[in-house]
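FYI, side chains are in, hydrogens and waters are out, and symmetry mates aren't considered; it's all heavy atoms of this structure. So you know, we letter chains A, B, ... as the sequences are listed, proteins then strands, and number each from 1.
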Amino acid sequence: MPERRKFLLTMARGVGAATIGGLAWTGFLDGKKAYPTVLRPPGAAPEKDFLATCTKCGLCVTACPYQALILAKPGDERPIGTPYFRMREAPCRMCRDIPCTVSCPTGALDRSLVSEKDDHGNMMLDVNKTRIGLAVIDRETCIAFWGIQCDTCYRTCPLIDKAVTIEYLRNERTGKHTIMAPVVHSDHCTGCGMCERACVTKKASIFVLPRELAMGESSARYVKGWESTDEERISDAPEDTTTVTPRSEKPPLDYLNKGDL
Amino acid sequence: MPSMRGYRFMFFRRISQTAIIGLFLGGHLLGWQVLQGNLSSSWLLHTVPLADPFAVLQMFATRHVVATEALIGGLIIALFFGLLAGRSFCSWVCPLNMVTDAAGWLGEKAGLIHPGKSPVISRKTRYGVIGVSLAVSLSTGLAAFEWISPIAMLHRGIIFGMGMGWTLVLAVFFFDLFVQRDGFCGHLCPLGGFYALITGFSLIRIRHDKEKCTLCRKCLDICPEQQVLPMIGQISSAVTSGECTNCGRCIEVCNDHAMKFGIRFSPAKQRTRIA
């Protein structure tokens, strides 16, 4: 049956070629997900969903009135064709009408993530809900921590006294001066990058990192007993534990508080 | 001017291709509101959403929710080409067509690639690439072709900055020049394959008139998708294959007026003549 044999061979070749191509393609794309340092526009969905839904159309880049957003070119070491910020060069100016988010046709930039219900129950844009990333301070190169007076990041912050505050520390070296230390607060910082742009050191000593990179996560086993609302954080923590030792027979919430340790 | 006549549709195609790039470029740099975005998705006149239907299909394959604008935009484009304009995206809109046409022209001048000779890869490969790109979209959760598309790379590059994107475009040029004539557009490109699949029923078609044909085969030599012209010299009919890009090259090279733009339905008198 040479005809049938030929057909089967052709089929096998096709399937083989498709498999090789598909595997190489999958491997290539898998590498594209591994850019942890990329800073997305306001309202960006979590990175995995963002990468799936962004069609790389550049409408957000066009919409940005400050030309701060960049559409990644091949060679930019960012996922090709997706929008991102380089804060040291051009930070986000926190437009109230958030034109970049509003322009997105695919929901990769999700306006509900940067909206708040007003008194009448309508969703209103609130740019301060933006979470591009979180500003992080290198205390070793920040001259304010050296004892030199500099509050550039604090002064330039659009949420001054909320996202960045100044904490007065005693200068132990001189014994008589104050260190005016900038402190970033994650519950207000939008990651706009104005501080990174303004920082006076050669390479910015305050810089924006994606939140997943810059932040830890509290354990359900530890609760701030002195904060009435912190208990809510563990409301859906699992009661049972999988580690079986004499200690772990008790519920995790009880093991510090009951019985002998 | 017989020489200009031989390129009249190519002239209009180049105008159309560059005008679309120009409108997008003006939309980005100068704030023109005719077309903003790029071929992946865009706004027409700031009110009508447009989107690449194949990109939307891949987005579905990633199992993510597709926003309404992209959905409507993809539908508008799919209906426009699928019901009306045929696979003309490839020859009248796609910027890569200028690159591959240049490669084809140079290859023929230099005698590197002879039309119709040495088929290195099958024309059916593109449909396999569609299947693989949907499968890869499913497995990786990313719209697979949109990440490697030389079309998107070129078009986006012109509007938003090319970076290293020219390397891929050059690779396509060399592939068409040295390996296979019309290699990318006619064999590999899944977007072209997608439009071929959805435009089988579109209205605007090339029509062949057997009575005028002198069997010189110029149309078959020039056609980037020769397999769509089995009727040449055989029967008078419309070119009904979705793989025809409506580029009009066959009309230009025909000295016998045996090819013309028309619609898929036969006029009554022609129908009786065939019968």
Side-chain angles (χ1 to χ4, degrees), chain A residues 10-11 13-33 45-65 67 69-83 102-111, chain B residues 24 27-29 31 36-43 49-52 55-56 58-59 62-73 121-122 124-125 128-129 131-133 135-137 139-149 152-153 156-157 159-168:
Chain A
T10 313
M11 286 292 287
R13 279 207 195 93
V15 171
T19 311
I20 293 169
L23 286 176
W25 204 341
T26 305
F28 170 77
L29 289 186
D30 209 49
K32 295 291 151 202
K33 296 181 191 167
E47 185 69 4
K48 201 168 145 271
D49 301 325
F50 179 83
L51 287 179
T53 45
C54 172
T55 55
K56 311 173 182 62
C57 68
L59 279 167
C60 52
V61 174
T62 301
C64 179
Q67 287 156 30
L69 274 172
I70 307 164
L71 205 63
K73 304 183 279 289
D76 272 5
E77 301 189 336
R78 301 284 195 288
I80 296 163
T82 60
V102 173
S103 75
C104 181
T106 65
L109 303 180
D110 182 351
R111 68 180 77 181
Chain B
F24 275 121
H28 177 58
L29 296 177
Q36 285 189 317
N38 63 26
L39 290 180
S40 300
S41 63
S42 56
W43 286 101
L50 301 175
D52 175 350
V56 174
Q58 292 170 76
M59 225 180 280
T62 67
R63 288 166 296 171
H64 279 80
V65 179
V66 182
T68 327
E69 284 114 319
L71 217 57
I72 296 172
I121 39 175
S122 158
K124 298 256 184 296
T125 311
V129 178
V132 173
S133 57
V136 173
S137 300
S139 70
T140 58
L142 299 174
F145 183 61
E146 304 312 300
W147 289 82
I148 60 166
S149 164
M153 217 73 87
R156 199 169 53 225
I159 302 168
F160 295 100
M162 189 63 84
M164 294 297 291
W166 59 269
T167 53
L168 193 60

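Note on Gly22(A), Ala17(A), Ala72(A), Pro105(A): by heavy-atom pairs under 4.5 Å with chain B, the leading option is Pro105(A). Put simply, of Gln36(B), Met59(B), Arg156(B), the one with the most heavy-atom pairs under 4.5 Å next to chain A is Arg156(B). Between chain A and the options Gly31(B), Ala152(B), Ala143(B), Ser40(B), the largest number of non-hydrogen pairs under 4.5 Å is found for Ser40(B). Between chain A and the options Ile159(B), Thr62(B), Val136(B), Leu39(B), the largest number of non-hydrogen pairs under 4.5 Å is found for Val136(B).
Residue contact with chain B, scored on non-hydrogen atoms closer than 4.5 Å, is absent for Asp76(A). For Ser133(B), the parts lying under 4.5 angstrom from a heavy atom of chain A are both the backbone and the side chain. Proximity to chain A (any heavy atom under 4.5 Å) is restricted, for Val65(B), to the backbone atoms N, CA, C and O. Only the backbone of Met162(B) has a heavy atom closer than 4.5 Å to any heavy atom of chain A. Heavy atoms of Ser41(B) lying under 4.5 Å from chain A belong to its backbone as well as its side chain. Looking at Ala144(B), the atoms closer than 4.5 Å to chain A (heavy atoms on both sides) sit in the backbone and in the side chain alike. Contact annotation for Ser103(A): only backbone heavy atoms (N, CA, C, O) come within less than 4.5 Å of a heavy atom of chain B.
Residues forming a ring-ring contact (aromatic ring centres under 6.0 Å, His included) with Phe24(B) (at least two apart in sequence, or on another chain): His155(B). Applying the ring-ring contact (aromatic ring centres under 6.0 Å, His included) test to His28(B) and every residue at least two apart in sequence or in another chain returns Phe160(B).
Annotation for His64(B) and Asp49(A): closest pair NE2-OD1, 2.9 Å, computed over non-hydrogen atoms. Listed here is the closest heavy atom pair of Trp147(B) and Phe28(A): O-CE2, 4.3 Å. Between Val132(B) and Ala18(A), the shortest heavy-atom distance links the atoms CG2-CB, 3.6 Å. Of all non-hydrogen atoms in Ala67(B) and Gly107(A), the two that sit nearest each other are CB-N, 3.7 Å.
With values rounded to the nearest 0.5 angstrom, Thr53(A) atom OG1 is found 10.0 Å from Leu142(B) atom CG. Put simply, CG on Asn38(B) and CG on Leu59(A) are 7.5 Å apart, with the number rounded to the nearest 0.5 Å. Rounded to the nearest 0.5 Å, atoms CD1 (Ile80(A)) and CG (Leu168(B)) are 8.5 Å apart. With rounding to the nearest 0.5 Å, the separation of CG in Leu29(A) from CD1 in Ile148(B) is 7.5 Å. Atoms CZ and OG, from Arg13(A) and Ser122(B) in turn, are 12.5 Å apart once rounded to the nearest 0.5 Å.
Within the 4.5 Å cutoff, the side chain of Pro74(A) has no heavy atoms near those of the Trp166(B) side chain.
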